[in-house]
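Keep in mind it's a predicted model, so treat the numbers as computed, not measured. We're numbering straight along the sequence, starting at 1.
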Amino acid sequence: MRSIWNGVISFGLVRVPIKLVNATESHAVPFREIHTEDGGRIRHRKFCELEDREVAAQEISRGYEEADGTIIPITDEDLAHLPIPTARTIEIVTFVPEDSVDPLQLGAAYYLAAGRAPAARPYALLRETLRRGNRVAIAKFALRGRERLGMLRVVGEAIALHGLLWPDEVRAPEGIAPDADVTLHDKELNLADALMDALSEVGLEDLRDEYREAVEQVVAAKISGEALPEAPEPERGVEVLDLTTALERSVRAVRGEPAEPEAERSPRRGTSRPSSRGTGGGKSPSTAERKTASSARKPTPKTSRSGKKATAKSATGSAAEGTAGKTPSKKTQATRTASRKHSA
């Protein structure tokens with residue numbers, strides 16, 4: 001790996017020649033700016049305001065602008081005369097427990113490689129000192145035109161340097177937390193603990209940049225002329241009654257359990273409940289079943305002297321009993337009365 005800065009680590013009177021190497025890299029899909037109408041490449045060129053011409057990178061240096069607009073050129077030779085010891089030195093100023101460093105201060109990460117062969121012994125000495133003391137070193141160093149704060153820690157068999165923000169660069173979280181007093185119940189806290197434990201089964205090594213992978217799929221489809229992949233439908237929000245219910249459902253979802261146990265499910269609105277008078281299995285009897293049951297309950301007509309009278313009486317009885325549970329109509333009652341008088 002190519003070094004981006006060379007210097008020494010100052011550990012008391014011990015000096016360790018080192019090279020600074022980037023510890024991270026970006027895997028983001030690179031895009032270029034283009035002209036929307038014709039797809040032409042957009043380039044940002046650097047022009048000199050006085051000569052009104054484009055200048056090359058080797059012609060560009062830095063300068064300090066005063067309040068009146070005057071620019072004072074500052075060269076690399078000028079910066080070499082900075083009256084601080086950290087111009088080419090990572091100066092260790094203190095050792096602290098790692099958990100005493102606020103993660104909000106952490107910035108870019110670098111690896112420190114031993115500069116030359118004689119640096120191997122003092123490099124290993126500093127590494128083992130950090131490891132045995134279970135601490136990190138806080139140091140000052142100058143990089144890209146400014147003095148920075150850094151944290152040295154052991155990563156495997158190497159020493160890593162994390163850039164740190166100065167304490168006054170971290171804003172206080174004033175006015176961020178809700179003003180209202182909130183009372184949390186033990187059940188809510190226990191469910192939150194259970195959810196945290198369930199989610200803790202996922203390791204950092206299992207995570208990947210799914211957005212980058214999706215962008216690569218779209219780009220590959222455009223190159224090959226294939227149809228673009230279908231975007232998934234957004235998940236519909238489920239109405240959650242309260243915080244406890246949300247936690248319970250979350251724990252079940254992470255564990256792969258059903259959303260709700262069968263015993264806890266209540267009938268939905270608009271769904272007919274099982275009839276207590278229905279047939280076996282809790283289902284209400286169908287129309288055909290009701291007709292069959294009604295026919296089975298009909299009494300067998302008695303033999304009459306006149307076949308016509310028996311037939312009429314049977315038909316009358318069938319009409320009266322055709323609808324179970326209903327009050328006979330007035331016409332049916334009159335027919336029965338007339339039949340009895342005629343028989344008498």
Side-chain angles (χ1 to χ4, degrees), residues 23-24 26-29 93-110 130 133-140 148-155 160-215 230-271 273:
T24 61
S26 174
H27 291 163
V29 179
V93 294
T94 186
F95 293 88
V96 298
E98 185 172 357
D99 57 6
S100 65
V101 178
D102 190 343
L104 287 174
Q105 293 182 253
L106 293 177
Y110 308 92
L130 293 172
N134 197 24
R135 296 190 179 189
V136 296
I138 304 300
K140 291 181 179 182
R148 302 170 184 265
L149 196 63
M151 179 183 74
L152 280 68
R153 70 184 185 97
V154 178
V155 178
L161 170 66
H162 293 269
L164 296 179
L165 295 174
W166 296 94
D168 59 356
E169 292 180 319
V170 179
R171 295 178 177 178
E174 296 179 358
I176 303 300
D179 296 333
D181 293 334
V182 179
T183 301
L184 297 176
H185 303 290
D186 290 340
K187 184 177 182 180
E188 296 171 341
L189 293 171
N190 294 335
L191 285 170
D193 290 340
L195 178 59
M196 181 173 60
D197 292 339
L199 291 173
S200 298
E201 297 177 2
V202 179
L204 286 175
E205 65 278 0
D206 300 326
L207 303 179
R208 68 182 195 277
D209 188 352
E210 297 182 10
Y211 183 87
R212 175 177 59 85
E213 295 175 357
V215 171
E230 293 291 335
E233 292 291 335
E235 297 183 2
R236 296 182 178 180
V238 179
E239 182 181 358
V240 178
L241 302 179
D242 53 27
L243 186 58
T244 302
T245 304
L247 289 168
E248 290 174 345
R249 292 181 182 179
S250 300
V251 173
R252 293 193 188 107
V254 174
R255 293 176 177 174
E257 300 175 357
E260 282 183 292
E262 293 293 335
E264 295 182 9
R265 293 182 180 176
S266 58
R268 299 179 181 177
R269 293 182 178 179
T271 305
R273 298 195 178 193

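- Applying the 6.0 Å contact sphere to CG of Asp206 captures more than 12 heavy atoms from other residues, nucleotides or ligands.
- With sequence neighbours left out, Ser100 forms a side-chain contact (heavy atoms from CB on, under 4.5 Å) with Val96, Pro97.
- In summary, the side chains of Asp242 and Thr245 do present a donor paired with an acceptor at a separation below 3.5 Å, with no hydrogens or angles considered.
- Applying the side-chain contact (heavy atoms from CB on, under 4.5 Å) test to Pro167 and every residue at least two apart in sequence or in another chain returns Gln105, Leu149.
- For the atom pair CD1 (Ile138) and NE2 (His162), the distance works out to 10.5 Å, reported to the nearest 0.5 Å.
- By the salt bridge (charged side-chain N to carboxylate O under 4.0 Å, His left out) test, Glu205 pairs with no residue at all, sequence neighbours left out.
- Proximity of Leu106 to Met151: side-chain heavy atoms (C-beta onward) are separated by under 4.5 Å at one or more points.
- Distance check, rounded to the nearest 0.5 Å: CG of Leu184 to CG of Asn190 gives 11.5 Å.
- For Arg212, the side-chain hydrogen bond (donor to acceptor under 3.5 Å, both in side chains) test picks out Glu216, with sequence neighbours left out.
- By the side-chain contact (heavy atoms from CB on, under 4.5 Å) test, Ala253 is found to be paired with no residue, residues two or more places apart in sequence or in another chain being considered.
- Under the 4.5 Å side-chain criterion, counting only non-hydrogen atoms from C-beta, Thr244 is in contact with Leu191.
- Under the side-chain hydrogen bond (donor to acceptor under 3.5 Å, both in side chains) criterion, Arg135 pairs with no residue at all, not counting sequence neighbours.
- Residue pairs that meet the salt bridge (charged side-chain N to carboxylate O under 4.0 Å, His left out) test with at least one member in residues 168-190, sequence neighbours left out, are Arg146-Glu169, Lys187-Glu248.
- Atom CG of Leu195 and atom CZ of Arg249 lie 14.5 Å apart (nearest 0.5 Å).
- Residues Glu98 and Arg153 meet the side-chain proximity criterion, which asks for heavy atoms closer than 4.5 Å.
- Between the CG atom of Asn134 and the CZ atom of Phe95 there is a distance of 13.0 Å, given to the nearest 0.5 Å.
- In this structure, the side-chain contact (heavy atoms from CB on, under 4.5 Å) partners of Arg208, at least two apart in sequence or on a different chain, are Glu210, Glu213.
- Take His27 and apply the side-chain hydrogen bond (donor to acceptor under 3.5 Å, both in side chains) test, not counting sequence neighbours, and it matches Glu25.
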